[in-house]
**Student:** 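I'd like to ask some things about the structure below.
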Amino acid sequence: MPSCPEPRRVSILGATGSIGTSTLDLIIDGGDRYRVEAVTARTKVRELAAIARATGAAYAAIADESLLGVLRHELADTATRVGAGPGAVEEAARMDADWVMAAIVGAAGLAPTLAAIRQGSVVALANKEALVCAGELMIEEARQSGCVLLPADSEHNAIFQVFDAGRIDAIEKIWLTASGGPFRTATRDRMATATPEEAVRHPNWSMGRKISVDSATMMNKALEIIEASHLFPVGEERVGVIVHPESIVHGLVTYHDGSVLAGLAAPDMRTPIAHTLAWPDRIEAPSRRLDLATTGQLTFEMPDEERFPALGLARIAIRSGGSAPVVLNAANEVAVAAFLDRQIGFLDIVSVVEDTLTCVETVATDDIETVIMADGEARRRAEEVILKRSERTS
Ligand SMILES: NC(=O)c1ccc[n+]([C@@H]2O[C@H](COP(=O)([O-])OP(=O)(O)OC[C@H]3O[C@@H](n4cnc5c(N)ncnc54)[C@H](OP(=O)(O)O)[C@@H]3O)[C@@H](O)[C@H]2O)c1
């Protein structure tokens, strides 16, 4: 594919978040090589306005409709057009851009990510939940629109870089590494008393609260198994997980001849984002550099699926098919929010997901409407599961 002419038109969905901010670092560092078309956020209206002002974005959209007046006021003296509500966020995703960063957290990113894919540019996918819920639909829509879907998640990005897509039959296994999170060596008893503050304190990465909790339960890796099974057509049984506490090796591909190719980098999301931003070229990025001599040691261990049962649930959801991954994701989002709100304990998160998966019937998800319906139903059932638990304990 030829390099894209400059300035490259870019949009950032979820511009105020952890991934959005890392993306902005690269865009600002690149100066006039980029022109920002659209930026979006949910509630951080002043941060969004500051980003729009700093980048000269053509359009700024805030998901919370009640904040339209504030956004309009903040950007009154600029040429930035403003919008509010979920429709405005989708409009931002549909704008004519050469590259879109999909970095809204959770299933809320589903419709905007799909809109970006239908628009047919390069979409850098951080919003793994969208692929978990509607992977087949997204891959098919990308095929139809000619959109290039590039994984921004560090593990999938590393695998993408060493995955010989022209020789899938030569691939034995792909490996996602996992840091193990803050409770890698903790007992279940210790985890039972974990607070939200402890759970979001990730040893290697600075991330949004939801993904930080997902890392602590290893639900993040569970979602990534599902994500990988859509991005790399090798079959779920050939998607392995290995714990690597240093977070230096992000992903590996084992070939049938015994060769193992791995993607390494310092734990800095600007590196995989820069790869998607420049693809198929490379740019110089202000990311942290890897110094293996200083790192000294790289260690690996198999995950303990008894202490971290989320991994097994991902495989059950993939094998069940249909809406099961949607249910897993929705129940997890509800349970994580309840944990952060101190309504349930840390270990309850994955057990709420398991109970919800058991009590919700799996249905076919042939289009985005059925995915959204399954997501809504699963959220209601997960809330019921949480309510019943709190009634039992009170
Ligand atoms: N952080 C990482 O290092 C990392 C690594 C790999 C993958 N990812 C994935 O990237 C995605 C973003 O993660 P993050 O850590 O950047 O999350 P984050 O820091 O919480 O940021 C989320 C972004 O989405 C926006 N948002 C939230 N709810 C929304 C809604 N209902 N409608 C529209 N926008 C909404 C937020 O706006 P406000 O700020 O206004 O709330 C914010 O801009 C997640 O899917 C995560 O799994 C993250």
Side-chain angles (χ1 to χ4, degrees), residues 11-25 38-52 60-67 70-71 83-93 101-113 115-116 123-133 150-158 176-179 181 200 202-215 217 219-224 226-228 231 247 250-251 265-273 275-276 287 329 332-333 336-337 340 375 379:
S11 291
I12 308 168
L13 313 177
T16 49
S18 163
I19 292 287
T21 309
S22 294
T23 306
L24 281 163
D25 265 6
V39 288
T40 77
R42 179 184 50 174
T43 51
K44 289 191 183 143
V45 66
R46 290 197 169 77
E47 283 92 329
L48 180 67
I51 290 166
I62 187 91
D64 182 337
E65 279 175 75
S66 70
L67 296 168
V70 183
L71 187 60
V89 175
E90 275 186 59
E91 187 190 343
M101 167 50 79
I104 292 173
V105 62
L110 196 56
T113 301
V123 172
L125 191 82
N127 178 213
K128 66 191 82 182
E129 298 91 342
L131 208 61
V132 165
C133 293
L150 296 175
D153 224 346
S154 59
E155 298 79 358
H156 305 72
N157 183 268
L176 305 162
T177 62
S179 70
V200 300
H202 195 278
N204 304 334
W205 299 94
S206 163
M207 309 183 286
R209 280 161 70 78
K210 190 259 176 186
I211 186 177
S212 297
V213 176
D214 286 348
S215 287
T217 57
M219 185 58 82
N220 183 45
K221 216 46 56 181
L223 297 174
E224 287 181 3
I226 305 175
E227 182 185 12
L231 290 170
S247 299
H250 301 287
D268 182 335
M269 282 308 294
R270 290 175 299 182
T271 295
I273 297 169
H275 172 261
T276 68
S287 330
N329 179 68
N332 181 57
E333 287 190 28
V336 170
L340 288 171
D375 174 79
R379 280 169 200 272

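Just follow the structure's listing: the first ligand is 1, and inside any ligand the first atom is 1.
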**Student:** Flag the pair Val213 / Val200 as yes when at least one side-chain heavy-atom distance between them is below 4.5 Å, and no otherwise.
**Tutor:** yes
**Student:** Which bit of Asn127 gets closer than 4.0 Å to ligand 1, counting heavy atoms only: side chain, backbone, both or neither?
**Tutor:** both
**Student:** Give the atoms of ligand 1, by number and element, whose distance to some non-hydrogen atom of Thr43 is under 4.0 Å.
**Tutor:** 38 (P), 40 (O), 41 (O)
**Student:** Side chain or backbone, does Met269 bring an N or O within less than 3.5 Å of an N or O on ligand 1?
**Tutor:** no
**Student:** Among all protein heavy atoms, pick out the one at the shortest distance from atom 7 (C) of ligand 1; state its residue, atom name and that distance to 0.1 Å.
**Tutor:** Asp153 OD1, 3.2 Å
**Student:** Note the single closest protein heavy atom to atom 23 (C) of ligand 1, along with its residue, its atom name and the distance in Å.
**Tutor:** Ala103 O, 3.6 Å
**Student:** For ligand 1, indicate whether the residue Ala126 contacts it via side chain, backbone, both or neither (heavy-atom separation under 4.0 Å).
**Tutor:** both
**Student:** So how far is it from Ser154 OG to His275 NE2, rounded to the nearest 0.5 Å?
**Tutor:** 13.0 Å
**Student:** Record the part of Ser154 in heavy-atom contact with ligand 1 below 4.0 Å; permitted values are side chain, backbone, both and neither.
**Tutor:** neither
**Student:** Students should be able to answer this: which protein heavy-atom is nearest to atom 43 (O) of ligand 1, and at what distance?
**Tutor:** Thr16 OG1, 2.7 Å
**Student:** Could you tell me which atoms of ligand 1, counted from 1 in the order shown, lie closer than 4.0 angstrom to a heavy atom of Gly14?
**Tutor:** 23 (C), 24 (O), 43 (O)
**Student:** Have a look at Lys210 and tell me which of Asn220, Leu340, Val336 forms a side chain to side chain contact (heavy atoms under 4.5 Å, CB included) with it.
**Tutor:** Val336
**Student:** To check your reading of the model: name the closest protein heavy atom to atom 4 (C) of ligand 1, its residue, and the distance in Å.
**Tutor:** Ile19 CD1, 3.4 Å
**Student:** Can you list the ligand 1 atoms lying under 4.0 Å from a non-hydrogen atom of Ala15?
**Tutor:** 43 (O)
**Student:** Identify, for atom 33 (C) of ligand 1, the protein heavy atom at the shortest distance, and state residue, atom and that distance.
**Tutor:** Ala63 CB, 3.6 Å
**Student:** Is it the case that Thr113 and Asn127 place a side-chain donor and acceptor less than 3.5 Å from each other?
**Tutor:** yes
**Student:** Is the shortest side-chain N to carboxylate O distance from Lys128 to Glu155 below 4.0 Å?
**Tutor:** no
**Student:** Using a strict 4.0 Å cut-off to heavy atoms of Gly17, name the atoms of ligand 1 that fall inside it.
**Tutor:** 16 (O), 18 (P), 19 (O), 21 (O), 42 (C), 43 (O)
**Student:** Hey, does Arg209 come in under 3.5 Å of ligand 1, counting only N/O atoms on both sides?
**Tutor:** no
**Student:** With heavy atoms of Ala108 as the reference, note each atom of ligand 1 found under 4.0 Å away.
**Tutor:** 30 (C), 31 (N)
**Student:** Please examine the side chains of Thr177 and Lys221, heavy atoms only from C-beta on, and report whether any two atoms are closer than 4.5 Å.
**Tutor:** no
**Student:** Which heavy atom of the protein is the closest neighbour of atom 1 (N) of ligand 1, given with residue, atom name and distance?
**Tutor:** Ser18 OG, 3.2 Å
**Student:** Under 4.0 Å from a heavy atom of Met207: give me the atoms of ligand 1 that qualify, with their elements.
**Tutor:** 1 (N), 2 (C), 3 (O)
**Student:** Give yes or no for whether the N/O distance cutoff of 3.5 Å, strictly under, is met between Val89 and ligand 1.
**Tutor:** no
**Student:** When you measure from the heavy atoms of Lys210 to every atom of ligand 1, does any distance fall below 4.0 Å?
**Tutor:** no
**Student:** Show the nearest heavy-atom pair for residues Asp64 and Ala84, with the distance to one decimal.
**Tutor:** O-CB, 4.3 Å
**Student:** For Ala92 and Ser11, which heavy atoms make the closest approach, and how far apart are they?
**Tutor:** O-OG, 4.2 Å
**Student:** May I ask you to test the Trp205-Ser215 pair for a side-chain heavy-atom distance under 4.5 Å?
**Tutor:** no
**Student:** Taking the side chain as every heavy atom from C-beta outward, state whether Thr276 and Asn157 have any pair of such atoms under 4.5 Å apart.
**Tutor:** yes
**Student:** Determine whether a donor-acceptor pair (N or O, by modelled atom type, separation under 3.5 Å) exists between the side chain of Thr40 and the backbone of Gly14.
**Tutor:** yes
**Student:** Looking only at protein heavy atoms, which one is nearest to atom 37 (O) of ligand 1, and how far off is it?
**Tutor:** Arg42 N, 3.0 Å
**Student:** With a 4.5 Å cut-off on side-chain heavy atoms, are Pro112 and Ile104 touching?
**Tutor:** yes
**Student:** Where is the nearest protein heavy atom to atom 8 (N) of ligand 1: which residue, which atom, and how far?
**Tutor:** Ile211 CD1, 3.6 Å
**Student:** Less than 4.5 Å apart, any side-chain heavy atom of Met269 and any of Ser18?
**Tutor:** no
**Student:** Counting only heavy atoms, which portion of Glu129 has something under 4.0 Å from ligand 1: side chain, backbone, both, or neither?
**Tutor:** side chain
